[in-house]
Amino acid sequence: MRQVLARVGDKWSILTVMLLRDGTKRFSELQRSIEGISQRMLTLTLRGLERDGFVTRTVYPTIPPKVEYALTPLGRSLCEPVTALGQWAQANVAAIDAARRRFDAAQEEAA
């Protein structure tokens, strides 16, 4: 169970799944859409998602090869809880920021 939670809780995996919920995407589309992700990290993320059954990878025999990624039914089933988590985060970001400021101020005061 720990391995599954590590995969679905990884920030790059969550962002990738959420981008793929709107449909099939090419590697370059995903890379442009995920700010801050390196080519290597996106490759590792997609490989892990494919290995765990969340994503399918389709290679078309063109020159250069065209590769597309799509969610499997298992991957689509992950969208609902991830969307709920995103909505929770958005609704609570101000409270979290305020708590961080209070904590940081208390730490500075104690030092």
Side-chain angles (χ1 to χ4, degrees):
M1 186 165 105
R2 185 171 49 93
Q3 292 176 339
V4 172
L5 291 174
R7 168 70 57 218
V8 299
D10 170 83
K11 72 176 178 177
W12 300 124
S13 294
I14 289 174
L15 291 170
T16 302
V17 166
M18 294 313 291
L19 285 169
L20 289 172
R21 75 179 169 180
D22 297 327
T24 301
K25 301 241 184 304
R26 295 182 68 176
F27 184 93
S28 57
E29 290 177 272
L30 290 168
Q31 191 173 19
R32 279 192 303 271
S33 299
I34 304 173
E35 185 178 331
I37 194 166
S38 67
Q39 180 175 342
R40 175 172 162 65
M41 185 52 67
L42 181 56
T43 298
L44 292 173
T45 299
L46 287 166
R47 190 172 295 146
L49 289 169
E50 183 181 10
R51 180 175 183 249
D52 291 344
F54 295 110
V55 168
T56 59
R57 178 179 184 262
T58 305
V59 180
Y60 296 95
T62 60
I63 299 176
K66 178 180 174 184
V67 180
E68 292 182 336
Y69 296 89
L71 291 178
T72 64
L74 182 62
R76 280 192 294 281
S77 74
L78 182 58
C79 289
E80 184 178 340
V82 167
T83 299
L85 180 60
Q87 290 169 343
W88 176 89
Q90 189 172 22
N92 290 286
V93 70
I96 293 167
D97 285 342
R100 288 176 177 171
R101 285 192 300 276
R102 285 191 306 274
F103 180 88
D104 293 345
Q107 293 297 307
E108 286 178 20
E109 193 174 294

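We use all heavy atoms of the structure for the numbers below, so side chains are in, but hydrogens, waters and symmetry mates are not. A quick note: this is a predicted structure, and the numbers were derived from the prediction, not measured. Numbers here are sequence positions counted from 1.
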Practice problem: Specify the closest pair of heavy atoms between Y69 and R57, including all atoms of both residues, with the distance to one decimal. | Solution: OH-NE, 3.3 Å
Quiz item: When rounded to the nearest 0.5 angstrom, what distance separates CE in M18 from CG in L78?
Solution: 8.5 Å
Quiz item: Distance from K25 atom NZ to I34 atom CD1, nearest 0.5 Å?
Solution: 10.5 Å
Self-check item: Nearest-0.5 Å distance that lies between atom NZ in K11 and atom OG1 in T16
Solution: 11.5 Å
Practice problem: Specify the closest pair of heavy atoms between L71 and V17, including all atoms of both residues, with the distance to one decimal. | Solution: CD1-O, 3.8 Å
Quiz prompt | Full working for side-chain contact (heavy atoms from CB on, under 4.5 Å) between Y60 and V67 | solution = CA-CA 6 Å; Y60 296 95; V67 180; over 6 Å; no
Quiz item: Any idea which heavy atoms bring L19 and S33 closest together, and the distance?
Solution: CD1-CB, 3.6 Å
Quiz prompt | Partner residues of E68 under the salt bridge (Lys or Arg N to Asp or Glu O under 4.0 Å) criterion, sequence neighbours left out | solution = K66
Show which side-chain atoms of residues 79-95 pair as donor or acceptor with protein atoms under 3.5 Å away, not counting sequence neighbours.
from	atom 1	to	atom 2	distance (Å)
T83	OG1	R21	NH1	3.2
T83	OG1	C79	O	2.7
N92	ND2	W88	O	2.8

Quiz item: Yes or no on side-chain contact (heavy atoms from CB on, under 4.5 Å) for L46 and L30, after CA distance, side-chain angles and deciding distance?
Solution: CA-CA 10 Å; L46 287 166; L30 290 168; 4.0 Å; yes
Quiz prompt | Atom pair CD (E35) and CG (L15), whose distance is rounded to the nearest 0.5 Å | solution = 10.5 Å
Exercise. Determine the minimum heavy-atom distance between A70 and T24, stating which atoms define it.
Key: CB-OG1, 3.6 Å
Quiz item: When you measure from the side chain of T56 to the backbone N and O of T72, does any donor-acceptor pair fall under 3.5 Å?
Solution: no
Practice problem: Mind checking the CD-CG spacing from E109 to D104? Nearest 0.5 Å is all I need. | Solution: 12.5 Å
Quiz item: Is I14 close to D10 at the side-chain level, that is, under 4.5 Å between some pair of heavy atoms?
Solution: no
Quiz item: Quick one: CZ on R26 to CD on E29, what's the gap to the nearest 0.5 Å?
Solution: 7.5 Å
Quiz item: Should L44 and W12 be marked as a side-chain contact (heavy atoms from CB on, under 4.5 Å) after you check the CA-CA gap, both sets of side-chain angles, and the distance that decides it?
Solution: CA-CA 10 Å; L44 292 173; W12 300 124; over 6 Å; no
Exercise. Can you see which heavy atom on V59 is nearest to which on P65, and at what distance?
Key: CG1-CB, 4.3 Å
Quiz item: With no hydrogens and no angle check, is any side-chain donor or acceptor of D52 less than 3.5 Å from a backbone partner on F54?
Solution: no
